[in-house]
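Keep in mind that this is a model prediction, so the values were computed, not measured. In what follows, every chain begins at residue 1, and chains take the letters A, B, ... in the order their sequences are listed.
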2 protein chains.
Amino acid sequence: MFIIVMPSATVENYLKCILMLSMECKGAEVPMGLIANSLGVTPGTATSMMKNLQREKWLTYKSRKGVTLTASGKKLGMRMIRRHRLLETFLVETLGLDWSEIHDEAEELEHSISEKVLERLDVFLGNPQHDPHGHPIPTKGGVIRKLPQKTLLDSLLGKKMKIESILDQGSDFLKFAQKKGLMPGKMITIIKRDKMADTIELQLEKKSKFSLGFKSAEKILVSG
Amino acid sequence: MFIIVMPSATVENYLKCILMLSMECKGAEVPMGLIANSLGVTPGTATSMMKNLQREKWLTYKSRKGVTLTASGKKLGMRMIRRHRLLETFLVETLGLDWSEIHDEAEELEHSISEKVLERLDVFLGNPQHDPHGHPIPTKGGVIRKLPQKTLLDSLLGKKMKIESILDQGSDFLKFAQKKGLMPGKMITIIKRDKMADTIELQLEKKSKFSLGFKSAEKILVSG
DNA sequence: GTCATAATTTTGATTAATCAAAGTAATGCC
DNA sequence: GGCATTACTTTGATTAATCAAAATTATGAC
Ligand SMILES: [Mn+2]
Ligand SMILES: [Mn+2]
Ligand SMILES: [Mn+2]
Ligand SMILES: [Mn+2]
């Protein structure tokens, strides 16, 4: 008899987190500090968890270097990203929740929805390609489109660009962005960039001008 | 500062289970055996859990007698029943799952869906009054309609009756019932009752006759 | 009333996930 | 190269939920 042990919600969270960090940041290994930090656990907890995850073949761990996901680790991580983003889409599109409140909801639901229900949801939603924040939804097979890596900060002055996605998941920033109209799909132009003042001045289609600090501008990905 | 500790999924399962048992069976207290049995845990586990639940004021526990829910225990139990049944309804009505496979799905999802999402779901579904098995859905305030307590076994011969609900949640029985057309809303007549053979012969609107053992007949609630 | 049986409780152990705090290694500045 | 700072690991403890098996209490048949 073979009993299949489902990975716990904790394992799922760790693997999703590590996969996202590994896609964001350069190096071969994801360092422990980043992991502990993004999951809000103490460094010691992260270290001991990495040993367990290594024992269960989700990743390989090099002391004082960091971790690298195995193929199955990547697969599970990617599946969690798919779940999370499809659920977020459902919460906004079908139930009409605000995009600033869906992240935490999806963070829980992603662990209890079955593969079957998820695929039904995908069909029901019409196979959406990205979530309400503009993040690409991986396919069932685990393929994910690359986002343009150009932020609003490092793109050309005076050129009309399309907002692709918002990187900050915090509800405060999302509420602010929504109020300003900074949402995926909207067209935007940089009017002025002031290095001294640390601001860029922006023009959103038909709306009045407003400005954004460099740090916030880096949270907006654009294309075109 | 007051931090609100969310009851764990385990606590939620115990309270839902105890509430359902207390509605089904007579006595003032729900005995330990029933609880351990319906949750599939050992008797010792149930006993030790009851002490914890008592400490947290969800119920009162009398050694070798059983437990009685407090007002807050009833409230949480009822909320779980509402969640479970609304989710089941969603899974069948919106996503088109079969009624034999929704129970286990809802058993997980009920713990991770927020109050907000649940109420949106309720509106989206048009405030359904009962789940796909014919079980009444409690209101947000915790009020639940009483089911008719008449089973197919103890009702009149030759009288046309309406099927109200199916008590067995097992997927095998549900698949069988569906095939036979034994579903809430259908009209049914008892043709014959044979005490020796332990069967009743049935006629479902326009379908051919078939028979059912007493034990199975007790799983079907009817009215009218 | 006396036992056998059934129901329940107790005891001792295990597992996953976590923290605090102490210890160790790496990095990098002068 | 030495030392301060930062990053990471180790250790020891805790909590919730569980089981197995032994101990206890209740129940029912005679
Ligand atoms: Mn999560
Ligand atoms: Mn998102
Ligand atoms: Mn449940
Ligand atoms: Mn049901």
Side-chain angles (χ1 to χ4, degrees), chain A residues 3-18 21-22 25-68 73 76 80 107-108 110-112, chain B residues 3-18 21-22 25-68 73 76 80 107-108 110-112:
Chain A
I3 57 157
I4 322 159
V5 181
M6 281 295 182
S8 66
T10 306
V11 168
E12 291 180 339
N13 280 335
Y14 273 88
L15 294 177
K16 172 160 65 89
C17 168
I18 293 166
L21 289 173
S22 78
C25 65
K26 37 235 138 263
E29 287 104 355
V30 181
M32 303 308 293
L34 280 185
I35 298 170
N37 208 58
S38 12
L39 288 168
V41 296
T42 60
T45 300
T47 298
S48 93
M49 195 65 193
M50 290 313 112
K51 291 176 178 173
N52 300 339
L53 293 176
Q54 168 155 257
R55 183 168 34 76
E56 288 156 18
K57 308 262 169 56
W58 297 113
L59 47 76
T60 57
Y61 162 63
K62 290 208 208 101
S63 189
R64 294 182 194 267
K65 279 278 143 67
V67 297
T68 317
L76 180 50
M80 295 316 296
E107 199 57 57
E108 298 301 319
E110 63 188 6
H111 309 291
S112 38
Chain B
I3 57 157
I4 322 159
V5 181
M6 280 295 182
S8 67
T10 305
V11 168
E12 291 180 338
N13 280 334
Y14 273 89
L15 294 177
K16 172 159 67 86
C17 168
I18 294 166
L21 290 172
S22 79
C25 66
K26 37 235 137 262
E29 286 105 357
V30 181
M32 304 307 292
L34 280 185
I35 298 170
N37 208 59
S38 13
L39 288 168
V41 297
T42 60
T45 300
T47 299
S48 92
M49 196 66 193
M50 290 314 112
K51 290 175 179 172
N52 300 339
L53 294 176
Q54 168 154 260
R55 183 167 34 75
E56 287 156 20
K57 306 264 170 56
W58 297 114
L59 46 76
T60 57
Y61 162 64
K62 289 208 208 102
S63 189
R64 296 185 190 264
K65 279 280 144 65
V67 297
T68 317
L76 180 51
M80 294 317 295
E107 200 57 56
E108 298 301 320
E110 63 188 7
H111 308 292
S112 38

Close side-chain approach of A:Glu110 to A:Glu12, heavy-atom, < 4.5 Å
no

Atom-to-atom span, CG of A:Leu39 to P of C:dT18 - whole angstrom
8 Å

Using a strict heavy-atom distance below 4.0 Å, which residues from residues 46-61 of chain B are in contact with DNA chain C?
B:Thr47, B:Lys51, B:Tyr61

Rounded to the nearest 0.5 Å, how far does NE2 of A:His111 lie from CE of A:Met80?
5.0 Å

Nearest-nucleotide 5' precedence on DNA chain C, B:Lys65 against A:Val11
B:Lys65

Any A:Thr68 side-chain heavy atom under 4.5 Å of A:Lys62 side chain:
no

Answer yes or no: does a side-chain N or O of B:Ser8 lie under 4.0 Å from OP1 or OP2 of D:dA17?
yes

Identify which nucleotide among C:dT18, D:dA17, C:dC19 has an atom closest to any side-chain atom of A:Thr10, counting heavy atoms from C-beta outward.
C:dT18

Which whole-number value in Å describes the distance from A:Asn37 CG to D:dA7 C1'?
12 Å

Kindly say whether B:Lys65 contributes a backbone atom to a donor-acceptor pair with the side chain of B:Glu29 at under 3.5 angstrom?
no

What is the distance, rounded to the nearest whole Å, between atom CG of A:Leu34 and atom C1' of D:dC8?
13 Å

Could you tell me the separation between the OH atom of B:Tyr14 and the P atom of D:dA17, rounded to a whole number of Å?
8 Å

Heavy-atom distance under 4.5 Å between the side chains of A:Val41 and A:Met49, does that happen here?
no

Given D:dT18, D:dT9, D:dT24, the nucleotide with the shortest approach to the side chain of A:Arg64
D:dT9

Heavy-atom check, side chain of B:Thr47 versus side chain of B:Tyr61, under 4.5 Å:
yes

Testing C:dC19, C:dT9, D:dT18 for proximity to the side chain of B:Pro43, the answer is C:dT9

Rounded to whole angstrom units, what separation is found between the CE atom of A:Met6 and the C1' atom of C:dT15?
19 Å

Would you indicate what B:Gly33 reaches in the nucleic acid, counting non-hydrogen atoms under 4.0 angstrom: base, sugar-phosphate, or nothing?
sugar-phosphate

Given C:dT18, C:dT8, D:dA17, which nucleotide is nearest the side-chain atoms of A:Val41?
C:dT18

Counting any heavy atom closer than 4.0 Å, what does B:Thr45 reach on the DNA or RNA strands: base, sugar-phosphate only, or nothing?
base

Any idea which heavy atoms bring B:Ala46 and B:Ala36 closest together, and the distance?
CB-CB, 3.9 Å

